[in-house]
Amino acid sequence: MLIEVLKSKIHCARVTEANLNYMGSITLDEDLMDAAHLIAGEKVQVVNNNNGARFDTYVIRGERGSGCVCLNGAAARLVQVDDVVIIMSYAQMDFEEAKSFKPWVVFPDENNVVK
């Protein structure tokens with residue numbers, strides 16, 4: 001049996017940009033991506049702590065060291081610059097493997113720098 005469990009989490013990142021005129025996705029600083037073991041194109045769930053919005057999108061690689069957390073396209077309507085978001089991805093794995101799996105959880109500072 002396969003179950004879906006939390007694989008990666010960026011906890012309380014700050015939105016730096018909302019770009020409505022883009023095809024869609026979330027652009028993330030490559031340092032954040034590496035720390036959370038996320039790859040370009042990976043599906044993520046975004047939760048906005050400021051307004052309760054929850055939505056799925058996919059990751060686009062942003063400039064390393066930029067602190068970029070930019071919601072693009074329609075998702076830009078669900079955030080404002082400086083909102084605090086949680087970004088999560090999930091993985092399917094065997095039930096027994098899932099019992100001992102430890103997700104990668106990242107706690108960036110107020111500038112989205114990995115601590």
Side-chain angles (χ1 to χ4, degrees):
M1 169 176 47
L2 295 178
I3 64 170
E4 194 167 295
V5 297
L6 179 68
K7 178 190 88 70
S8 304
K9 178 179 179 182
I10 300 173
H11 187 76
C12 292
R14 186 181 57 81
V15 174
T16 59
E17 187 178 350
N19 184 353
L20 183 61
N21 297 313
Y22 194 85
M23 289 176 27
S25 61
I26 184 170
T27 305
L28 295 175
D29 179 327
E30 199 166 2
D31 287 337
L32 287 172
M33 291 175 60
D34 289 349
H37 290 77
L38 293 170
I39 62 170
E42 184 169 355
K43 179 181 177 180
V44 291
Q45 179 181 52
V46 180
V47 178
N48 186 331
N49 284 357
N50 293 77
N51 65 19
R54 299 174 77 92
F55 52 92
D56 295 335
T57 189
Y58 62 93
V59 176
I60 289 181
R61 183 178 298 112
E63 182 181 345
R64 186 176 296 282
S66 66
C68 177
V69 174
C70 176
L71 278 302
N72 300 302
R77 294 203 182 271
L78 301 174
V79 300
Q80 299 214 4
V81 172
D82 290 327
D83 279 359
V84 174
V85 294
I86 299 170
I87 304 158
M88 297 168 284
S89 73
Y90 301 88
Q92 291 185 350
M93 62 186 68
D94 176 78
F95 182 75
E96 290 304 317
E97 178 186 9
K99 287 181 181 180
S100 61
F101 178 77
K102 301 290 185 232
W104 291 279
V105 180
V106 177
F107 298 93
D109 68 13
E110 63 279 350
N111 296 310
N112 296 330
V113 175
V114 178
K115 297 178 182 178

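- For Leu6 against Met88, the heavy-atom pair with the smallest separation is CD1-CB, 3.8 Å.
- Note on residues 27-55: pairs passing ring pair (Phe, Tyr, Trp, His ring centres under 6.0 Å), not counting sequence neighbours, are His37-Trp104.
- Among Asp56, Thr57, Val59, the single residue meeting the side chain to side chain contact (heavy atoms under 4.5 Å, CB included) criterion with Lys43 is Asp56.
- Put simply, the side chain of Asp29 gets close to the backbone of Gly65: a donor and an acceptor are under 3.5 Å apart.
- Between Tyr90 atom OH and Glu42 atom CD the span is 12.0 Å, to the nearest 0.5 Å.
- With hydrogens and angles disregarded, a donor-acceptor distance shorter than 3.5 Å links the side chain of Asn51 to the backbone of Ala53.
- Hydrophobic clustering of Ile, Leu, Val, Met, Phe, Trp and Tyr side chains at less than 4.5 Å, counting indirect connections, keeps Tyr22 apart from Val46.
- A pairwise comparison of heavy atoms in Gln92 and Leu2 identifies OE1-CD1, 4.0 Å as the closest pair.
- Of the options Val79, Ile60, Ile87, Val85, a side chain to side chain contact (heavy atoms under 4.5 Å, CB included) to Ile26 is made by Ile87 and by none of the others.
- The CZ atom of Arg61 sits 11.5 Å away from the OG1 atom of Thr27 when rounded to the nearest 0.5 Å.
- Here the side chain of Ser8 pairs no donor or acceptor atom with the backbone of Ser89 at under 3.5 angstrom.
- Remark: Arg64 engages Glu30, Asp31, Asp34 in a side-chain hydrogen bond (donor to acceptor under 3.5 Å, both in side chains) (not counting sequence neighbours).
- Note on Met33: it clusters hydrophobically with Val114, by side-chain heavy-atom contacts below 4.5 Å among ILVMFWY residues.
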